[in-house]
Amino acid sequence: MNFALGFKPPAAGSSAPGASSGATMENLEKQLVCPVCLEMFSKPVVILPCQHNLCRKCANDIFQSANPLWQSRSSSSIAASGSRFRCPSCRHEVVLDRHGVYGLQRNLLVENIIDIYRQQQSSRLVGVKPEQQLMCGEHEEEKINIYCLSCQTPTCSMCKVFGRHKDCEVAPLSSVYVRQKAELSDGIAILVASNDHIQAVITRMEEVCNSIEENGRRQREQMANHFEGLVAILEERKQELVGLITREQDDKLKHVRSLIRQHSDHLEAAVTLVETAIHSMEEPHMPLFIHSATVILEKMASITRASNLERPEPGYEDLSHLVVDTDDLANVLRNIDFCSGTTVAPGSDQKLIDVIDQIDGDFVDVEMSFLGFYRCGGG
């Protein structure tokens, strides 16, 4: 349907259609009053952690009175981080960061509602002037005064009686206006109330984020401590096993060097005896020669009998038996994983202990052979 604009003065004694919604607007206005200055919030509006709202100016006044040493946002003499004040509505303690009240979150929804409310109030005040009327496009002398519920469109009385809406269900335009105005106001109030809930959910999720970060830091520290403990155990055991290898090496070297000294002494005695024998060959007197030759021959026989000295057995220098099998241990370490829940995987610790015990067992035979070597006089 076509509408035309026209101006008609309001009838004497008539009231604006929005007058009946005054009570609803008054209720809304009560929700938009600052608890400090007792006036409608002035932008910017800040929301506290307890979900109550304040004008930023009022919040700053409370903060300044509670923290007189912090004079301005740009002050560098006293850090604002950790400063605090109490909510005037519920006395909840509000802790501020280094930005002071400028670090508080703005409640943009409340600011938008204030703008809408003020626009509505302005439109109500305009009603005292000659009102702007929408005129019917088909009946130019008729103003739009009814609402077709069937077609969902405003229309005039003539259209209802003679026109296209004569078979439709209609209602007075003012009643539809009042009803939808009330519904919109109720929707605004519901939205304001739901904002508190949404803000509480956001605060809770921020707390969850902080908890996740703290838990991650703590778990990383615990993980690092566990692995440092394993490294310490492996390092300690490595030193023990390396010590066993060094011990056997030193003992074998000691034994072989002792044999070298015995053979060297024997060789030196034989060389001396040869030199003595050569010198006696030059003796011109037969009695003296025979006497000295007899003594030398006895010494030669004695040295020959003693020439069969102890020697190292074949393979005595081999140390390849001092080896450990770390494959199983490497697999266990490679497959270390998180436990499901708080339950440790069955047998995982015991398996690691068994592998380490097996490494210890590999060296038991070495130590026993070591003891047998000493009992046989090897050292």
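We count residues from 1, following the sequence as given.
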With rounding to the nearest 0.5 angstrom, report the [atom1] to [atom2] distance, [X] to [Y].
| X | Y | atom1 | atom2 | answer |
| --- | --- | --- | --- | --- |
| His52 | Arg91 | NE2 | CZ | 12.5 Å |
| Asn53 | Cys34 | CG | SG | 9.0 Å |
| Cys148 | Asp167 | SG | CG | 10.0 Å |
| Lys299 | Thr304 | NZ | OG1 | 13.5 Å |
| Ile113 | Gln120 | CD1 | CD | 12.5 Å |
| Leu104 | His99 | CG | NE2 | 11.0 Å |

Less than 4.5 Å apart, side chain to side chain, heavy atoms only: is that true for [X] and [Y]?
| X | Y | answer |
| --- | --- | --- |
| Val36 | Cys55 | no |
| Val46 | Val101 | no |
| Glu206 | Ile202 | yes |
| Phe85 | Leu48 | yes |
| Val201 | His197 | yes |
| Ile336 | Phe227 | yes |
| Asn60 | Phe63 | yes |
| Lys252 | Leu319 | yes |

Original post:
Does Arg204 have any salt bridge (Lys or Arg N to Asp or Glu O under 4.0 Å) partners at least two apart in sequence or in another chain, and if so, which?
Top reply: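 Arg204: salt bridge (Lys or Arg N to Asp or Glu O under 4.0 Å) contacts with Glu207.
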
Original post:
Who pairs with Arg218 by salt bridge (Lys or Arg N to Asp or Glu O under 4.0 Å), at least two apart in sequence or on another chain?
Top reply: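 With neighbours one apart ignored, the set is Glu214.
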
Least distance between heavy atoms, [X] atom then [Y] atom:
| X | Y | value |
| --- | --- | --- |
| Arg118 | Phe41 | NH2-O, 3.5 Å |
| Val176 | Ala171 | CG2-CB, 3.9 Å |
| Val94 | Pro49 | CG1-CD, 3.9 Å |
| Leu54 | Pro88 | CD2-CG, 3.8 Å |

If hydrophobic clusters are built from ILVMFWY residues whose side chains come within less than 4.5 Å, do [X] and [Y] share one?
| X | Y | value |
| --- | --- | --- |
| Val192 | Leu184 | yes |
| Phe338 | Leu230 | yes |
| Ile116 | Val110 | yes |
| Ile62 | Tyr102 | yes |
| Ile190 | Ile198 | no |

Original post:
Should the pair Arg84-Glu93 be classified as a salt bridge under the 4.0 Å nitrogen-to-oxygen rule?
Top reply: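 Salt bridge present between Arg84 and Glu93.
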
**OP:** Could you tell me whether Glu221 and Arg217 have a side-chain N and a carboxylate O separated by less than 4.0 Å?
**Re:**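 Yes, charged N to carboxylate O under 4.0 Å.
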
Original post:
Yes or no on salt bridge (charged side-chain N to carboxylate O under 4.0 Å, His left out) for Asp265 and Arg261, after CA distance, side-chain angles and deciding distance?
Top reply: CA-CA 6 Å; Asp265 293 344; Arg261 285 194 299 271; over 6 Å; no

Check: [X] side chain, [Y] main-chain N or O, donor-acceptor pair, under 3.5 Å:
| X | Y | result |
| --- | --- | --- |
| Gln152 | Leu149 | yes |
| Glu111 | Val45 | yes |
| Asn112 | Leu108 | yes |
| Ser302 | Glu298 | no |

Crowding at [atom1], [X] (>12 non-hydrogen neighbours, <6.0 Å):
| X | atom1 | value |
| --- | --- | --- |
| His263 | NE2 | yes |
| Glu268 | CD | no |
| Glu283 | CD | yes |
| His279 | NE2 | no |

Subject >> Trace of the side-chain contact (heavy atoms from CB on, under 4.5 Å) decision for Leu329 with Val324 >> reply: CA-CA 11 Å; Leu329 178 59; Val324 294; over 6 Å; no

Original post:
Quick one: hydrophobic cluster around Leu297, which other residues, with the 4.5 Å side-chain cut-off, linked directly or via members?
Top reply: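 Hydrophobic cluster check, Leu297: joined to Leu273, Ile296, Met300, Ile303.
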
Original post:
side-chain contact (heavy atoms from CB on, under 4.5 Å) between Arg311 and Tyr316: does it pass, once the steps are laid out?
Top reply: CA-CA 10 Å; Arg311 301 176 184 178; Tyr316 183 76; over 6 Å; no

**OP:** Go through the steps to decide whether Ser258 and Gln262 satisfy the test side-chain contact (heavy atoms from CB on, under 4.5 Å), and finish with yes or no.
**Re:** CA-CA 6 Å; Ser258 174; Gln262 294 178 19; 3.8 Å; yes

Subject >> Criterion side-chain contact (heavy atoms from CB on, under 4.5 Å) on Asn195 and Leu191, from CA distance to verdict >> reply: CA-CA 6 Å; Asn195 177 60; Leu191 195 57; over 6 Å; no

